[in-house]
Amino acid sequence: MKTLSFLLAASVLCSYSLIAQVKTEKATVLWGPELKESKKSTLNDLVAYDETGIYVSKSNFKGYFSGYDIILEHFDNDLNKTKSVVLNLGEKKEKRTLELMIHFNDVLYVFSSKSNNEIKKNFLFVESINKKSLLSNNDLRKISEINFEGKKKRNNGDFMYSISRDKSKILIYNSLPFNKNENAKFSLHVFDQNLNQLWEDNITLPYEDKLFGVEDYQVSNKGNVYVLGKIYNENRRTYKRGKPNFKHRILSYINESSNNKEYPVEIQEHFITDMKIAIDNNENIICAGFYSELGTMSINGSYFLKIDGKSKNITTKSFKEFGIDFITQNMTKRQEKKTRKRDDKNKKIELYEYDLDNIILKDDGGAVLVGEQFFVRVVTTTTTDANGNISTTTNYYYNYNDIIVINISSEGEIEWTEKIPKRQVTKNDGGFYSSYALAVVDDKLYFVFNDNPKNLFYKGEGKVYNFIRNKKESLVVLVELSIEGRQTREALFSMREADVIIRPKVCEQTTKNELILFGQKKKKQRFAKVSFVK
C-alpha cells in the first residue's frame with residue numbers, strides 16, 4: 001500500500017513537472033482574492049472597465065417565486081471588490097426586467113423593460129449609474145415602446161441592440177409582435193454617445209412574417225442600419241425538393257433618408273449555411289461564413305464577400321474548400337482512416353455542426369473569422385423496475401469542440417484556415433464551463449479555455465481528450481495563433497492553482513493586452529487578470 005501511494009505521488013509530481021516546463025511565458029496572471037458567495041450567485045457580464053478597475057453584473061437566485069436579484073459590483077485594478085449594490089429595478093408589480101448594461105462614452109447605463117398588459121404596451125427604459133456609489137442617478141426615462149394591442153399576452157415583442165464599430169452609435173432593434181399572415185415588421189432607434197435619439201423608423205417588409213427571418217443586424221459608424229435576413233420561398237423549410245428554400249437579403253436603412261436599399265446576396269456556386277455581416281469604416285458591407293454541398297448541418301468551406309455600400313455590387317468574392325487534410329485534422333487514426341476511405345470513394349465529406357461566432361475586421365481591410373463546433377446530443381432511456389413501473393430519463397450532452405479560424409487578406413483572399421483542437425462534453429449543465437475566451441493582441445489571437453492536461457503536447461493527430469471539470473489536474477490553456485496561422489499551446493495555470501473553474505463565455509478582453517477571467521466552484525469565486533507580454 002505504501003509503495004502504491006508513493007508511485008501515485010511520484011506520478012502527480014511528474015505531471016506537475018511537465019506542466020511547469022511548458023507553462024507559458026507569453027502572459028502573466030494576477031489573481032484577485034477568493035470570494036465567498038452564495039452557490040446561487042453567478043457572474044452575468046463584465047459590463048465595463050475604466051482607469052479605476054472593472055464593473056460587473058451578477059445574479060443571485062432568491063427562489064422560484066422571488067426570482068433574481070441583479071447585483072452591480074466594482075473591482076479595483078488588483079481585483080479587490082470595492083463596492084456591491086443590489087440594482088433597484090422597481091418593486092413588486094412595478095418591477096422591471098433587466099435588458100442590458102453598457103458603458104457608453106464613459107457613462108454606465110442600465111436598460112430595463114416593463115410590459116403593461118392593461119394598455120398593451122411594452123416599454124424600454126434607460127437610466128445612468130453613478131460609478132462611485134453604483135446607484136441610479138434618478139434619471140430613468142422611457143426610450144422606446146412596443147404596442148402589442150390585439151396580440152396574445154406573451155406576444156409582446158423584444159428589445160435588442162447593436163453598437164457601432166467605433167462605439168459612437170447604438171441601435172435599439174425592436175422585434176415587433178405579429179398575427180398570423182401579417183407581414184414582417186420591426187422598428188429601429190439609433191442613438192448617439194449621449195443616448196440622444198438620432199432617428200427612428202417603423203419598418204413593414206413586403207414579406208410575410210412566417211417567410212422572413214432576421215439573422216443579424218448592425219449599425220455603422222455613420223448611424224446607418226443593416227439587417228441580414230432569410231427569405232423563404234415556401235414555409236420555413238431549409239430545403240424544398242432537394243434544393244435550398246431560402247435566399248439571403250441585406251436591407252439597409254439610411255439615417256434620415258428614404259434611400260433605403262435591398263442587397264441580394266446570391267452565390268450560385270455554393271449553398272450558404274452560416275452568414276454574418278459587419279460594416280467597415282468606408283460603409284462597405286462584409287459578409288462571411290460557411291458553405292456546404294450537403295445541407296445546413298455541415299460545412300465544406302468558407303467564403304468572404306465585400307459589397308460596395310453605394311453601388312450594391314460585390315467587389316470582392318473568395319471561397320476556400322477545407323479539403324480532406326483539414327477535415328481529418330484532430331481525428332483519431334480510426335476516424336481518419338474511415339473518413340479518407342469514404343473520400344477515396346468520392347463521397348462528400350464535410351464538418352458537422354460548426355457555428356460562426358465572430359468576424360474580426362482588420363485595419364488593412366482584411367478579416368478573421370472564428371467559429372466553433374457546438375451541438376447538443378439528447379439521450380432518453382426508459383427502464384422498467386421489478387414491479388413493472390416505467391420511468392424515463394433524458395440527459396442533455398453539450399458539445400463544445402474544435403475552434404476554426406479563417407484568415408482573409410487585405411485583398412479579400414482566404415489565405416489560410418486553422419483548426420484548434422478542443423473537446424468539452426458535459427452533461428445537463430448548458431456548457432457552463434465550456435467554450436473559449438478570445439483576445440486580439442496586435443497581430444496575434446489568443447484563445448483561453450479549460451482543457452485536459454493530456455492534450456498539452458497534442459500535435460494534430462490521434463485522440464483529443466475531454467475536459468473533466470472536477471479534476472484538479474485539469475488545465476486552463478493558452479493557444480497563440482500567429483498572423484501566419486501557426487499555433488502554439490501552453491499551460492496558463494492548473495485548476496489546483498486557481499481552486500475555481502474558469503467560465504470562458506463571461507471572460508472579456510478589457511484593454512489592448514489584458515483579458516479578465518472569471519471562475520467559480522461551489523461558493524468560491526475569483527477574478528484573474530491575464531496580461532500578454534509583448
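The analysis underlying the following values was restricted to heavy atoms, covering all of them including side chains, and did not include hydrogens, waters or symmetry mates.
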Exercise. Less than 6.0 Å separating the ring centroids of F104 and Y109?
Worked result: no

Exercise. Should the pair D355-K276 be classified as a salt bridge under the 4.0 Å nitrogen-to-oxygen rule?
Worked result: no

Exercise. Taking the six-membered ring for Trp, are the ring centroids of Y68 and F61 within less than 6.0 Å of each other?
Worked result: yes

For this session: Measure the CG-CG distance between D50 and D106 for me, rounded to the nearest 0.5 Å.
Result: 6.0 Å

Exercise. Hey, is the main chain of Q329 close enough, under 3.5 Å, to the side chain of K419 for a donor-acceptor pair?
Worked result: yes

Problem set entry | Pair R423-N452, side-chain donor/acceptor within less than 3.5 Å | no

Exercise. Between R526 and I502, is there a donor-acceptor pair closer than 3.5 Å when you use the side chain of the first and the backbone of the second?
Worked result: no

Problem set entry | E37 vs K522, salt bridge (Lys or Arg N to Asp or Glu O under 4.0 Å): CA-CA, chis, key distance, verdict | CA-CA 9 Å; E37 304 283 356; K522 296 180 180 179; over 6 Å; no

Exercise. Are side-chain N/O atoms of E418 and Q487 paired as donor and acceptor at under 3.5 Å?
Worked result: yes

For this session: Answer yes or no: is there a donor N or O on one side and an acceptor on the other, between the side chain of N455 and the main chain of Y458, under 3.5 Å?
Result: no

Exercise. Does any N or O in the side chain of D429 come within less than 3.5 Å of the main-chain N or O of G431, such that one atom is a donor and the other an acceptor?
Worked result: yes

Exercise. Between atom CD of Q373 and atom CD of E353, what is the distance when rounded to the nearest 0.5 Å?
Worked result: 7.5 Å

Exercise. If you draw the axis of the six-membered ring of Y433, does the NZ or CZ of R503 fall within 45° of it and under 6.0 Å from the ring centre?
Worked result: no

Exercise. Can you list the steps and then say if E497 with K23 is a salt bridge (Lys or Arg N to Asp or Glu O under 4.0 Å)?
Worked result: CA-CA 13 Å; E497 286 180 78; K23 197 165 185 178; 2.8 Å; yes

Exercise. Any sub-3.5 Å donor-acceptor pair from N130's side-chain atoms to S136's backbone N or O?
Worked result: no

Exercise. Do side-chain atoms of K58 reach the backbone of S41 as a donor and acceptor pair under 3.5 angstrom?
Worked result: no

Problem set entry | Distance (rounded to the nearest 0.5 Å) between I279 CD1 and Q218 CD | 6.5 Å

Problem set entry | Donor on one side chain, acceptor on other, K167 and H103, under 3.5 Å | no

Exercise. Side chains of Q424 and S435: is there a donor and an acceptor less than 3.5 Å apart?
Worked result: no

For this session: Run through F374, F449, F447 and flag the one making a ring pair (Phe, Tyr, Trp, His ring centres under 6.0 Å) with Y436.
Result: F447

Problem set entry | Between OG1 on residue T24 and CD on residue E490, distance to nearest 0.5 Å | 4.0 Å

Exercise. Can any side-chain N or O of D216 pair as donor or acceptor with the backbone N or O of I277 at less than 3.5 Å?
Worked result: yes

Problem set entry | Check: E473/S494 side-chain N/O donor and acceptor closer than 3.5 Å | no

Problem set entry | Rounded distance (nearest 0.5 Å) linking atom OG1 of T511 with atom CD1 of I516 | 8.0 Å

Exercise. Would you call D451-K422 a salt bridge at under 4.0 Å N-O?
Worked result: no

For this session: Can you measure from OG1 (T510) to CG (L515) and round to the nearest 0.5 angstrom?
Result: 7.5 Å

For this session: Check for a donor-acceptor pair, side chain of Y291 on one end and backbone N or O of F271 on the other, with a separation under 3.5 Å.
Result: no

Exercise. When the ring centroid of F527 is compared with that of W31, is the distance short of 6.0 Å?
Worked result: no

Problem set entry | Ring centres under 6.0 angstrom apart (Y446, F532) | yes

For this session: Would you check, one step at a time, whether the test salt bridge (Lys or Arg N to Asp or Glu O under 4.0 Å) holds for R340 with D325?
Result: CA-CA 9 Å; R340 287 187 180 275; D325 290 339; 2.7 Å; yes

For this session: Look at K36 together with E34 and state whether they make a salt bridge at an N to O cut-off of under 4.0 Å.
Result: yes

Exercise. Tell me, do L361 and I286 make a side-chain contact under 4.5 Å, heavy atoms counted?
Worked result: yes

Exercise. Do NZ/NE/NH1/NH2 and the carboxylate oxygens of E336 and K341 come within less than 4.0 Å?
Worked result: no

Exercise. Distance only, no hydrogens: is a donor on one side chain within 3.5 Å (strictly under) of an acceptor on the other, for S391 and T383?
Worked result: yes

Exercise. Is K362 reaching over with its side chain to a backbone N or O of I408, donor-acceptor style, under 3.5 angstrom?
Worked result: yes

Problem set entry | Side chain proximity check, V214 to S175, heavy atoms < 4.5 angstrom | no

Exercise. Hey, are E73 and K83 close enough for a salt bridge, meaning a charged N less than 4.0 Å from a carboxylate O?
Worked result: no

Exercise. Can you check whether H270 and F319 have ring centres sitting under 6.0 Å from each other?
Worked result: yes

Exercise. Can K26 and E480 be counted as an ion pair, charged N to O under 4.0 angstrom?
Worked result: yes

Exercise. Would you say the side-chain atoms of S59 pair up with the backbone N or O of I70, donor to acceptor, closer than 3.5 Å?
Worked result: no

